[in-house]
Colleague: 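I have a structure I would like to understand better, so I am pasting it below and will then ask my questions one at a time.
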Amino acid sequence: MAEANPPILDERHDQIFPTMEPADIERARRFGVIRRLDAGATLARAGEVGEGLAIILSGTVYIYSHDSFGQRQHILTFGAGGFIGEMAQLAGRPSLNDAEVQEPVEVLVFAPERMRALMIAEAELGERMMRALILRRVRLLKAGVGGPVIVGPAEDGNVLRLEGFLARNGSPYETLYAETDVEAQSLLERFHVDPGQLPIVLCPNGSLLRDPSESELARCIGLVGPIDPNRVFDVAIVGAGPAGLATAVYGASEGLSVLVLDCRSFGGQAGASSRIENYLGFPTGISGMALMARAYSQAAKFGVETAIPNEVIGLDAPEDPVSGHFILHLADGERVSARSVVIASGVNYRRLAIENFDEYETSSVHYWVSQREAKLCAGQEVVLVGAGNAAGQGAVYLAPHVGKVWMLARGEGLQASMSQYLVDRVSGLANVEVLTRTELKGLEGADGLLSAVRWRRAASAEEERRSTRHLFLFIGADPNSEWLAGAGIALDAKGFVLTGAQAGENRRSLETSQQGVFAIGDIRSGSTKRVAAAVGEGAQVAAALHAYLATRAERGSQISDNHAPAAAAQRLA
């Protein structure tokens with residue numbers, strides 16, 4: 001039985017901390033290894049990769065979190081039948097907290113791959129365990145417990161950048177503001193940090209980073225590690241949006257070895273959506289992050305490996321299409337080998353071609369709306385540019401939190417580019433004012449912080465000026481296909497990837513002009529820009545991958561000893 005402090009304890013306590021009954025333990029026993037530990041021993045240590053997850057057979061284990069000074073705080077107690085672990089352990093990543101033995105214990109320990117095997121073989125028990133792991137991560141995110149600590153000025157562009165990166169990757173974190181938090185001042189004095197070196201980040205393993213890049217922070221907290229250069233994956237997926245994650249789930253569940261890479265975070269543009277209300281099966285709607293976090297957890301359950309953030313900058317096709325491997329070149333100099341490749345790299349947010357735009361982009365310009373942005377803009381007037389569904393969802397989400405939303409649309413109205421239910425909802429919001437036939441013309445501010453914007457309406461020759469500190473852009477996107485230059489992949493006139501008959505003769509559905517390379521989701525020429533369509537293409541391409549890999553096997557290429565794509569293809573037939 002586990003006890004929790006108020007930030008973690010809620011009405012779903014029994015689901016977050018299920019007690020494993022004797023029958024449950026017997027079902028799980030064949031997947032784990034029994035260990036006996038004395039008082040003072042550790043089952044897990046924050047910032048370090050441990051042995052995995054565990055069920056306590058006897059004895060007591062305390063869970064400790066660490067504050068910004070490294071001091072431990074007791075937050076949970078587990079006794080006999082307690083299930084110890086978190087999503088980090090399932091993925092084989094460093095623990096977020098300490099697990100220390102208080103009374104001599106006997107525990108059943110599960111390595112990550114064995115826990116995944118348990119979840120698949122013992123569906124009902126695995127469902128309870130998976131739900132517990134997901135809910136624990138949600139509570140850690142809300143409480144800001146167990147992750148890195150960011151110290152820097154409020155509304156500093158780099159602080160916002162790091163917060164956004166961690167939030168979109170589902171990592172808990174805490175922010176201390178240098179100007180107002182006494183704790184922050186103490187930390188700066190302790191580590192002899194000059195204000196010009198801010199922000200700093202304290203990682204769970206005790207490391208201190210000074211104004212790190214996203215990649216540096218990800219490696220420090222264990223989100224991404226080195227890739228085995230000798231391993232050959234059945235499929236490498238470039239892009240962790242709904243299309244890429246769907247491919248990963250369907251492919252891995254059918255026995256393929258899968259690696260997913262993304263240069264930013266999982267979820268893609270869908271993950272940045274404040275609310276998706278037209279996705280089948282969710283009549284009350286669901287936030288994009290919640291939907292994509294479930295997909296990401298599902299991929300982890302089936303053993304999908306991820307390298308996020310890790311940017312792919314090039315693709316080489318094999319000289320021998322039968323026995324050779326595709327090589328993906330990464331920005332950090334690493335290389336990935338794979339028998340097939342799925343391009344799901346999506347699109348990049350379109351930026352404004354306005355003077356001085358770069359000065360305000362990191363601190364005052366936002367390309368999505370989430371709880372974090374709403375809190376940042378609480379009570380203020382904001383300007384939102386765009387007239388599509390994403391713009392409508394953004395305005396609806398912001399309206400209850402901000403003073404006013406000025407919504408700028410270039411067209412005659414919203415009906416031509418926005419779903420009717422969103423048009424009706426936006427028009428019913430008293431603090432949202434839609435200005436049609438209006439274009440943004442200029443930005444004003446100082447020290448990298450926006451203070452006002454200027455726009456011009458078609459009916460007027462003069463510019464209007466409005467004070468605001470935050471600008472939201474939903475003005476479309478361009479294909480993320482520059483990394484394919486020199487790879488021999490055919491693109492359409494706008495840079496989207498051609499597939500099927502458009503890509504060449506004898507090409508499978510969703511296959512590009514390069515045999516063994518497939519394209520799905522927003523990056524594919526002619527695709528339907530909807531989450532459901534992207535997920536459908538992910539499922540469809542998984543079947544095509546099996547067929548392609550089975551053909552390779554039949555032609556004499558060596559398929560991984562641990563996988564059997566040909567057999568999987570027969571199961572799908």
Colleague: Any chance you could measure Phe357, atom CZ, to Leu473, atom CG, to the nearest 0.5 Å?
Modeller: 5.0 Å
Colleague: Specify whether Phe472 and Phe474 have parallel, tilted or perpendicular ring planes, treating 30° as the upper limit for parallel and 60° as the lower limit for perpendicular.
Modeller: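 Parallel: the ring planes of Phe472 and Phe474 meet at under 30°.
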Colleague: Between Glu163 and Lys375, does any NZ, NE, NH1 or NH2 come within less than 4.0 Å of an OD or OE carboxylate oxygen?
Modeller: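 Between Glu163 and Lys375 there is no salt bridge, as every charged N stays at least 4.0 Å from the carboxylate O atoms.
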Colleague: I'd like to know if Arg264 pairs up with Glu311 as an ion pair, taking the criterion as any Lys NZ or Arg NE/NH1/NH2 lying under 4.0 Å from an Asp or Glu carboxylate oxygen.
Modeller: no
Colleague: Say whether, by atom type as modelled, one donor and one acceptor occur between the side chain of Glu359 and the main chain of Asn356 under 3.5 angstrom.
Modeller: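 Answer holds: no.
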Colleague: Side-chain contact test, heavy atoms from C-beta onward, threshold under 4.5 Å: evaluate it for Leu209 versus Leu217 and give yes or no.
Modeller: yes
Colleague: Using 4.0 Å as the upper bound for N to carboxylate O, is an ion pair formed by Arg351 and Asp358?
Modeller: yes
Colleague: When you check the gap from the basic side-chain N to the acidic O, do Arg425 and Glu277 get nearer than 4.0 Å?
Modeller: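 Salt bridge present between Arg425 and Glu277.
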Colleague: Find the distance between CZ (Arg275) and CG (Asn389) and round it off to the nearest 0.5 Å.
Modeller: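 Answer rounded to 0.5 Å: 14.5 Å.
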Colleague: Regarding Asp332 and Arg219, does a basic nitrogen lie under 4.0 Å from an acidic carboxylate oxygen?
Modeller: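 A salt bridge links Asp332 with Arg219.
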Colleague: Compare all side-chain heavy atoms of Val235 with those of Val341 and state whether any distance is below 4.5 angstrom.
Modeller: no
Colleague: According to the interplanar angle, ranging from 0 to 90°, do the rings of Phe266 and Tyr296 count as parallel (below 30°), tilted (30 to 60°) or perpendicular (above 60°)?
Modeller: parallel
Colleague: Quick one: does any side-chain atom of Ser287 pair with a main-chain N or O of Ser274 as donor and acceptor, under 3.5 Å?
Modeller: no
Colleague: So, Arg454 and Glu463, do they make that salt bridge, N to O below 4.0 Å?
Modeller: yes
Colleague: Given the ring of Trp368, does Arg168 sit roughly above its face, with NZ or CZ under 6.0 Å from the centre of the six-membered ring and within 45° of the axis?
Modeller: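 Cation-pi check for Arg168 and Trp368: passes.
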Colleague: Using the rule side-chain contact (heavy atoms from CB on, under 4.5 Å), only one of Asn480, Asp522, Ile523 pairs with Val347; which is it?
Modeller: Asp522
Colleague: So that I can tick it off, tell me whether Arg350 and Asp478 are bridged by a salt bridge, with the cut-off set at under 4.0 angstrom between side-chain N and carboxylate O.
Modeller: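 A salt bridge links Asp478 with Arg350.
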Colleague: To the nearest 0.5 Å, what is the distance between CD (Glu439) and CG (Leu352)?
Modeller: 10.0 Å
Colleague: Take Gln420 and Asp424, measure what side-chain hydrogen bond (donor to acceptor under 3.5 Å, both in side chains) needs, and give me the verdict at the end.
Modeller: CA-CA 6 Å; Gln420 189 60 46; Asp424 296 340; 2.8 Å; yes
